Amino acid sequence: MANEAATQHHPKYQAHKPEQDAVDYELQTYTRGLDFERPPLTFQASKWEELACSRLSADSKGYVYGSAGVRETTDKNRAAFKKWSIVPRRLVKYDGFPDLKTEILGEQLSVPIAMAPVGVLKIFNPDGEMAATRAAAQEAVPYILSTASSTSIEDVAQANGVDGQRWYQLYWPSREHDDITISLLQRANKAGFTTLFVTLDTYILGWRPSDMDNGYNPFMRADRIGVELGMTDPVFRQQFKERHGVDVEEKMNSAAPEWMRTIFPGTSKGWEDVEFLKSHWDGPIVLKGIQSIVDAKKAAEVGVAGIVVSNHGGRQQDGGNSSLGVLPHIVDAVGDKLTIFFDSGIQSGADIAKALALGADCVLVGRPYVYGLALGGEKGVEHVLKSLVGELELTLHLAGIQSVKKEHLNREALVLEDDLFNSVKGIGLH
Ligand SMILES: Cc1cc2nc3c(=O)[nH]c(=O)nc-3n(C[C@H](O)[C@H](O)[C@H](O)COP(=O)(O)O)c2cc1C
Ligand SMILES: O=C(O)C(=O)c1ccccc1
């Protein structure tokens, strides 16, 4: 009761506006606690997963939290962040607050963070992609729309708005369906999606025991979850009608699986096929799912603009290396030729600082924002994005790092925690 009265005399929590600069944002994040105003969600990033999972249905929880196999890759993704420690520097004098602005593939970003492509968002909240893309625009973070979206390309573009930054992620149909690929690319292009992300690690879904136990497959349902891009695609619709004599709506039991087989063909393309995408996409192309130096070099050779160093959050192949572990090696090999995006395992602003210090130009965040969506819809996603940005800014500030530019934020900010213990003089067997 006392608390309630107190809040009436304090300003309501103000949403972070993209046009606010870093100074306002950091102060606002701090002073909110003094207003006795309760945040819509906890600021404890380590709690989002547990909280969201406790509220979701067993099926949806299994889908987002679930990983491939025995979660070895997922666990390694997390463990890798803990191996690196941020070494703060003192008496670093500069005016103001850390500058988070960056330029990525010709676009000005207010922070080097984007929302990873995540499909089937309506299984977490009925507002699904609409809520997520609105939150992205509100927080001035690029939104990457998945081909497995439960909302159409055109509706997402409209919700993202004229000022929103949006990129499109392609699940690449087999080459016999080039006409459908071209249709998707044209729709995305027309709707203002600027960069194309092509996911290479998911031509077939991974071995996911939680979904198998639940007998759960979100996109084989009649409610168009995960298949909306196909159901709204003029070329797919036309071809379906020719095959079945009826519209997709009249035969969803066939239409949904047919679409899924189209975008998850079960076999991989080859490097030579990238040329086809280059000739049909008017903008930068980024290959998502790179985990080896040899593939990173191939990507540079075929002339794409960037790569995402990602293992799909450990959801595809188990027994793999951590994504963060391989990041600096890939940066050393191709960092001067390609824009390097990174994802898999980020939970906090400090994690983001580490990935940037290791050479990523921009990071993608997956599960954390899905948990925000599950817990609080659009506001929940906004909260997660605000938290990540706010903590990134403070992490840099406290470490004496002036900006996200490579000259300020680089490997010199990090030490391998184990090295601190391995290299102590006078310790050991003599
Ligand atoms: C529920 C869920 C659905 C996903 N759907 C897609 C997708 O449609 N396309 C894609 O390229 N990646 C997809 N991903 C992978 C993410 O883009 C990203 O690589 C991954 O979540 C990063 O790891 P993190 O969750 O630890 O941040 C999905 C991830 C999750 C958790
Ligand atoms: O679950 C995923 O990781 C993913 O990429 C996906 C695939 C198909 C539909 C929705 C998401």
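Both counts, for ligands and for their atoms, begin at 1 and track the order of listing. Source: prediction; values computed, not measured. In what follows, residues are counted from 1 in the order of the sequence shown.
In summary, the side chains of T73 and N311 do not present any donor paired with an acceptor at a separation below 3.5 Å, with no hydrogens or angles considered.
The protein residues lying under 4.0 angstrom from ligand 1, judged by non-hydrogen atoms, are Y63, A116, P117, V118, G119, S146, Q169, Y171, T199, K288, S310, H312, G313, R315, D343, S344, G345, G366, R367.
Using the six-membered ring where Trp is involved, Y171 and H312 have ring planes that are parallel, under 30° apart on the 30 and 60° scheme. Ring orientation note: the planes of Y369 and Y143 are nearly perpendicular, at an angle over 60° on the 30°/60° scale.
The pair K47-E50 fails the salt-bridge criterion, with no side-chain N (NZ, NE, NH1 or NH2) lying under 4.0 Å from an Asp/Glu carboxylate O. The residues R78 and D351 are annotated as salt-bridged, a charged nitrogen and a carboxylate oxygen being separated by less than 4.0 angstrom. Of the charged side-chain nitrogens involved, none lies within less than 4.0 Å of a carboxylate oxygen, so that E301 and K337 do not count as a salt-bridged pair.
For ligand 2, the polar-atom distance check finds no N/O of T202 at less than 3.5 Å from any of the ligand's N/O atoms.
The contact set between ligand 2 and R208, taken as ligand atoms under 4.0 Å from a residue heavy atom, comprises 1 (O), 2 (C), 3 (O). Atoms of ligand 2 found under 4.0 Å from any heavy atom of F219 (numbered from 1 in listed order, with element): 8 (C), 9 (C), 10 (C). Distances below 4.0 Å separate heavy atoms of F264 from the following atoms of ligand 2: 7 (C), 8 (C).
Between Q316 and ligand 2 there is no heavy-atom distance shorter than 4.0 Å. Contact between L205 and ligand 2 is present, with at least one heavy atom of the residue lying under 4.0 Å from the ligand.
Judged by the 6.0 Å and 45° rule, R315 forms a cation-pi pair with Y63.
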Check against salt bridge (charged side-chain N to carboxylate O under 4.0 Å, His left out), E382 and K379: CA-CA 5 Å; E382 275 177 21; K379 289 283 163 222; 3.2 Å; yes
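Residue, atom and distance of the protein heavy atom nearest to atom 5 (O) of ligand 2 are Y171 OH, 2.5 Å. Nearest protein heavy-atom contact of atom 6 (C) of ligand 2 is Y63 OH, 3.4 Å.
The residue Q169 has no part lying near ligand 2, judged by heavy-atom distances below 4.0 Å.
With hydrogens and angles disregarded, no donor-acceptor distance shorter than 3.5 Å links the side chain of D211 to the backbone of Y216. Checked by atom type and distance alone, the side chain of T195 never pairs as donor or acceptor with a backbone atom of W167 at under 3.5 Å.
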